[in-house]
2 protein chains.
Amino acid sequence: MNDYLSFNEGQIEQLETRFRAHMVNSLSGFKSANLVGTQDADGQTNLAIVSSVVHLGANPPLIGMVMRPNTVARHTLENLRQTECFTINHVSAEFYKKAHQTSARFDKSQSEFEQVGLDTEYLADINAPFVAQSPLKFAVRLLEIKPIEANGTEFVIGQIFHIELDGNALQCDGYIDIEALDTVAVSGLDSYHVSNRITRLSYAKPNKAPHKISVSGE
Amino acid sequence: MNDYLSFNEGQIEQLETRFRAHMVNSLSGFKSANLVGTQDADGQTNLAIVSSVVHLGANPPLIGMVMRPNTVARHTLENLRQTECFTINHVSAEFYKKAHQTSARFDKSQSEFEQVGLDTEYLADINAPFVAQSPLKFAVRLLEIKPIEANGTEFVIGQIFHIELDGNALQCDGYIDIEALDTVAVSGLDSYHVSNRITRLSYAKPNKAPHKISVSGE
């Protein structure tokens with residue numbers, strides 16, 4: 001059953017490039033699937049699927065994401081440097097194919113919203129487009145971009161300053177039932193998944209087994 | 001059906017602390033569930049569940065994770081600063097409760113391996129313990145710790161130098177079928193999920209709809 005495989009450093013280095021990309025992208029585990037909405041100073045919009053959005057902290061509410069300057073995400077980076085603002089929009093099962101298609105190399109003059117068939121939505125004073133179809137989305141103010149010298153990527157850090165969500169998913173303790181929103185998860189470079197909750201578990205304490213808590217947090 | 005709720009900056013600030021923690025932790029989407037294994041110079045082991053492991057790049061193979069120095073993860077941080085090495089081990093549905101329990105505040109002298117009932121596994125020349133029960137795990141060499149000044153967290157960057165996995169999950173194009181390994185995903189602070197694949201999608205190209213590809217990558 002368990003046919004364990006090992007790869008040492010030299011073997012990892014010698015893997016064929018595309019094979020290694022698929023393999024290493026699978027190692028971190030399930031990834032978030034988000035669409036990042038931006039626009040430039042002229043209002044030209046851009047939309048990019050990103051699987052590297054990561055929670056940084058709740059107080060203040062901070063989020064991070066890894067961007068590769070040499071990929072299709074470069075327009076996103078250019079825009080958010082200009083406007084210091086972007087939106088993050090959960091990808092749900094209903095439109096995951098359209099979300100995936102935003103990763104094609106469109107020209108700067110082509111908006112991915114139009115190209116893939118998703119709708120912009122604007123809220124007063126927020127200088128970036130939301131995805132109308134997304135059931136959970138928020139606006140982020142750029143705080144800092146940290147260069148990651150080891151591979152030339154950038155770690156974008158921002159503060160969440162506006163949240164929009166389908167209220168049916170918000171539970172009484174603040175937990176948002178993103179499974180009920182059909183938010184998808186990504187594995188590797190290209191695999192999309194919906195989820196089945198095993199359970200919520202109580203806050204862990206030494207010498208006490210965690211117990212199941214209800215989804216509603218009651 | 002769609003009862004949309006909005007929270008502006010002032011409203012987010014005024015949320016009760018624990019409510020905001022649950023809510024903001026839900027915003028990034030599904031998170032990876034990994035156990036980080038370390039030991040100090042004396043061989044005292046530590047194990048901590050982390051939901052912030054993020055892919056940074058495949059060539060070289062890099063991984064990042066966010067650590068909060070004031071939480072139970074502090075022993076992990078102390079250890080990996082000393083040894084410059086750590087392991088990352090996928091959490092599968094079979095032992096997710098034990099994994100969750102590692103987040104209880106144990107003393108430095110107590111190994112979470114023993115406390116929660118998971119087994120250490122050592123590989124030659126790797127100065128950190130793996131989780132024997134994990135079907136996909138890898139060793140990481142510390143490259144850099146970037147302080148995130150905005151909230152006092154640390155972004156740990158490392159290079160993957162050894163990979164161990166159940167070979168049945170490795171597909172012919174390098175994709176690892178982590179769903180077949182029962183790797184779990186996390187949402188919010190405490191909700192654990194297994195996954196159902198919708199599909200893998202082909203590499204996106206302009207003016208061409210993405211098509212389904214087989215799990216095996218053929």
Side-chain angles (χ1 to χ4, degrees), chain A residues 2-3 5-9 19-26 28-30 32 34 52-55 57-58 61-62 90 100-101 103-104 106 138 143 146 150-151 161-167 173-176 178 183 185 187-188 190-198 200-201 204-206 210, chain B residues 2-3 5-9 19-30 32 34 52-55 57-58 61-62 90 100-101 103-104 106 143 146 150-151 161-167 173-176 178 183 185 187-188 190-198 200-201 204-206 210:
Chain A
N2 284 328
D3 301 321
L5 289 179
S6 290
F7 295 84
N8 66 24
E9 189 152 21
F19 187 97
R20 183 175 49 215
H22 279 292
M23 188 172 178
V24 178
N25 266 279
S26 305
S28 56
F30 285 104
S32 54
N34 287 293
S52 64
V53 172
V54 63
H55 172 80
L62 299 182
H90 276 214
H100 182 79
Q101 184 62 8
S103 63
F106 297 107
F138 48 100
L143 291 183
K146 284 191 186 290
N151 68 347
F161 68 93
H162 188 98
I163 301 167
E164 289 272 306
L165 78 159
D166 181 339
D173 65 349
Y175 172 70
I176 304 170
I178 65 173
T183 294
S187 70
D190 52 27
S191 185
Y192 293 87
H193 309 254
V194 287
S195 64
N196 283 323
R197 179 176 290 100
I198 309 173
R200 289 185 69 186
L201 287 179
K205 292 179 181 174
Chain B
N2 283 328
D3 302 321
L5 289 179
S6 289
F7 295 83
N8 66 24
E9 188 152 21
F19 187 97
R20 183 176 50 217
H22 279 292
M23 189 172 177
V24 178
N25 267 280
S26 304
L27 293 180
S28 57
F30 285 104
S32 54
N34 287 293
S52 63
V53 171
V54 63
H55 171 80
L62 299 183
H90 276 216
H100 181 79
Q101 184 62 8
S103 62
F106 296 107
L143 290 184
K146 284 191 186 290
N151 68 348
F161 68 93
H162 188 97
I163 300 168
E164 289 272 306
L165 78 160
D166 180 339
D173 65 348
Y175 172 71
I176 304 170
I178 66 174
T183 293
S187 70
D190 51 27
S191 185
Y192 292 86
H193 308 255
V194 287
S195 65
N196 282 322
R197 180 176 289 101
I198 309 173
R200 290 186 67 186
L201 287 179
K205 293 180 181 173

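For the set Pro210(A), Gly188(A), Pro61(A), the count of heavy-atom pairs under 4.5 angstrom toward chain B peaks at Pro210(A). Annotation: maximal heavy-atom pairing with chain A below 4.5 Å, among His55(B), Lys146(B), Arg197(B), His90(B), occurs at His55(B). Between chain A and the residues Val24(B), Asp190(B), Val54(B), Thr183(B), the largest count of heavy-atom pairs under 4.5 Å involves Asp190(B). In terms of heavy-atom pairs under 4.5 Å with chain B, the best-connected choice from Ala21(A), Ser52(A), Gly29(A) is Gly29(A). Ranked by heavy-atom pairs under 4.5 Å with chain B, the list Asp173(A), Asn151(A), Asn8(A) is led by Asp173(A). Ranked by non-hydrogen atom pairs under 4.5 Å with chain A, the options Leu201(B), Val53(B), Ile176(B), Leu62(B) are led by Leu201(B).
Heavy-atom distances place the side chain of Leu143(A), and not its backbone, under 4.5 Å from chain B. Looking at Asn34(A), only its side chain comes within 4.5 Å of chain B, counting heavy atoms on both sides. Interface remark: His100(A) contributes backbone and side-chain atoms alike to the contact with chain B (heavy atom separation under 4.5 Å).
Judged by the 6.0 Å and 45° rule, Arg200(A) forms a cation-pi pair with Tyr175(A).
With rounding to the nearest 0.5 angstrom, the CZ atom of Phe138(A) is 5.0 Å from the CG atom of Leu27(B).
Listed by chain and residue number, nothing satisfies the ring-ring contact (aromatic ring centres under 6.0 Å, His included) test with His22(A) (two or more places apart in sequence, or in another chain). Legend: residues meeting ring-ring contact (aromatic ring centres under 6.0 Å, His included) with Phe161(A), ordered by chain and number and at least two apart, are absent.
Formation of a donor-acceptor pair under 3.5 Å by the Gln101(B) side chain with backbone atoms of Lys205(A) is found in this model.
Remark: the Ser191(B) side chain and the His193(B) side chain contain an N/O donor-acceptor pair separated by less than 3.5 Å.
Looking at every heavy atom in both residues, Ser28(B) comes nearest to Ser32(A) through O-CB, 3.0 Å.
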